[in-house]
Novice: 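Here you go, one structure.
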Protein chains: 2
Amino acid sequence: MTQKKQKVKEQFHLFLTKKRLKATLQRNLILDAFVDLDRPTHMDELYLILRSKHSHIGHATVYRALRLFAAAGIAREFSLGDGLTRYELAGHGKRHDYLVCSDCGTVTEFDNSSIEERQLAVARSMGFTVEALKIELRGVCSRCLTQSG
Amino acid sequence: MTQKKQKVKEQFHLFLTKKRLKATLQRNLILDAFVDLDRPTHMDELYLILRSKHSHIGHATVYRALRLFAAAGIAREFSLGDGLTRYELAGHGKRHDYLVCSDCGTVTEFDNSSIEERQLAVARSMGFTVEALKIELRGVCSRCLTQSG
DNA sequence: AATACAATGACATCCACTTTCATTGAAGAC
DNA sequence: GTCTTCAATGAAAGTGGATGTCATTGTATT
Ligand SMILES: [Mn+2]
Ligand SMILES: [Mn+2]
Ligand SMILES: [Zn+2]
Ligand SMILES: [Zn+2]
């Protein structure tokens, strides 16, 4: 277990204790999956990961857990153009830039406090083909670019 | 009728003719309301405006009309954090910055091709209290700021 | 006019998400 | 360890924005 994971789990249990909420098996499993994935995600992705190992977990429980993580300050809730509610590990400031692959849909974080031109340069250096300038930078990620040609 | 409105209506009718689609009373009413409002909006807002004058319009028709405007290149579809699909008049480039008032929900356009610091300065000069830096700048608009204190 | 077929609108359905509620189970009291 | 309490779970129902269905209406062409 990484240092970061340990810290997050401690923070969560402190929150639960303070609020007189309960540390259930499901909440621990969901938090583990969320921290282990280590990139912005959403309910359905986590649900599939969890179901593959623990087939008894309900989808409502995953939704509720993610909201709880946000309430605990462990996760940050955000949203892109699609209908999905997304979550990422919290605690990295006010800037939230995402590279959204229009091919595979993968969301990559891209925090950079310098100016626009610099943001574009970094995006390109990550193999991202920028199509439009928005908080969500949409394009094709390096993996998809390699696979298709 | 403004120059801009005239042009938009011509563009729409050209599109309809090309595609062998029909210029209906409803489509004209919806386009008028959309252009007259002159700021980013969504189906429900337009529906209320339209129903107040023309009580026989169906909500599905408004949804379909807005999608059609986007297909015609007249409108641009986008989305903010809430569940609503928004539309704005198209034709002002790739940059799309919005000031979203966290109090009244009004969306204001804020297109600026210079760097971040400059964006923040412009936002402030418009009376907007910036809370976080994202494509959607959330804060309080000048109107709400005046009303509350 | 008459015809062809796109558009409308009431209604049903979809999908992400939330709520409900009977049952389960975590944690403090003893 | 057992008891007691009440939060948590999960299956199922509900919600809300958006879209599909289809009988009827309306537009544009002949
Ligand atoms: Mn972020
Ligand atoms: Mn714009
Ligand atoms: Zn990709
Ligand atoms: Zn406001």
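Throughout, protein chains are lettered first and strands after them, A, B, ... in sequence-line order, and every chain is numbered starting at 1. Just so we're clear, the structure is a prediction, and the values are computed from it rather than from any experiment.
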Novice: To the nearest Å, how far apart are B:L66 CG and D:dA18 P?
Specialist: 10 Å

Novice: Under 4.0 Å between a side-chain N or O of A:Q26 and OP1 or OP2 of C:dG25?
Specialist: no

Novice: Give a yes/no answer on whether the side chain of A:T85 brings an N or O atom under 4.0 Å of OP1 or OP2 in C:dA16.
Specialist: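 No, A:T85 has no side-chain N/O under 4.0 Å of OP1/OP2 on C:dA16.
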
Novice: Would one find a side-chain N or O of A:R27 under 4.0 angstrom from OP1 or OP2 of D:dA8?
Specialist: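 The answer is yes; a side-chain N or O of A:R27 sits under 4.0 Å from OP1 or OP2.
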
Novice: Looking at A:R64 and C:dT20, is any side-chain donor or acceptor paired with a base atom of the opposite kind under 3.5 Å?
Specialist: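 Answer yes: a donor N or O sits under 3.5 Å from an acceptor.
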
Novice: Can you confirm whether B:H56 is buried at NE2, in the sense that more than 12 heavy atoms of other residues, nucleotides or ligands lie under 6.0 Å from that atom?
Specialist: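 Not buried by this count: 12 neighbours or fewer within 6.0 Å.
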
Novice: Under 4.0 Å between a side-chain N or O of A:R67 and OP1 or OP2 of C:dT19?
Specialist: yes

Novice: Is there a side-chain contact between B:T61 and the phosphate of C:dG9, meaning an N or O under 4.0 Å from OP1 or OP2?
Specialist: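 Result: yes.
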
Novice: Would you indicate, yes or no, if D:dT19 has its OP1 or OP2 atom less than 4.0 angstrom from a side-chain nitrogen or oxygen of B:Y63?
Specialist: no

Novice: Nearest to the side chain of A:L21, which nucleotide is it out of D:dA7, C:dC17, D:dA11?
Specialist: D:dA7

Novice: Please report, rounded to the nearest Å, how far the P atom of C:dG9 is from the NE2 atom of B:H54.
Specialist: 12 Å

Novice: Which comes earlier along DNA chain D counting from the 5' end, the contact point of B:A23 or that of B:L84, where each point is its nearest nucleotide?
Specialist: B:L84

Novice: Applying a strict under-4.5 Å side-chain criterion to I, L, V, M, F, W and Y, I'd like to know whether B:Y63 and B:Y47 cluster together.
Specialist: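 Both belong to a single hydrophobic cluster.
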
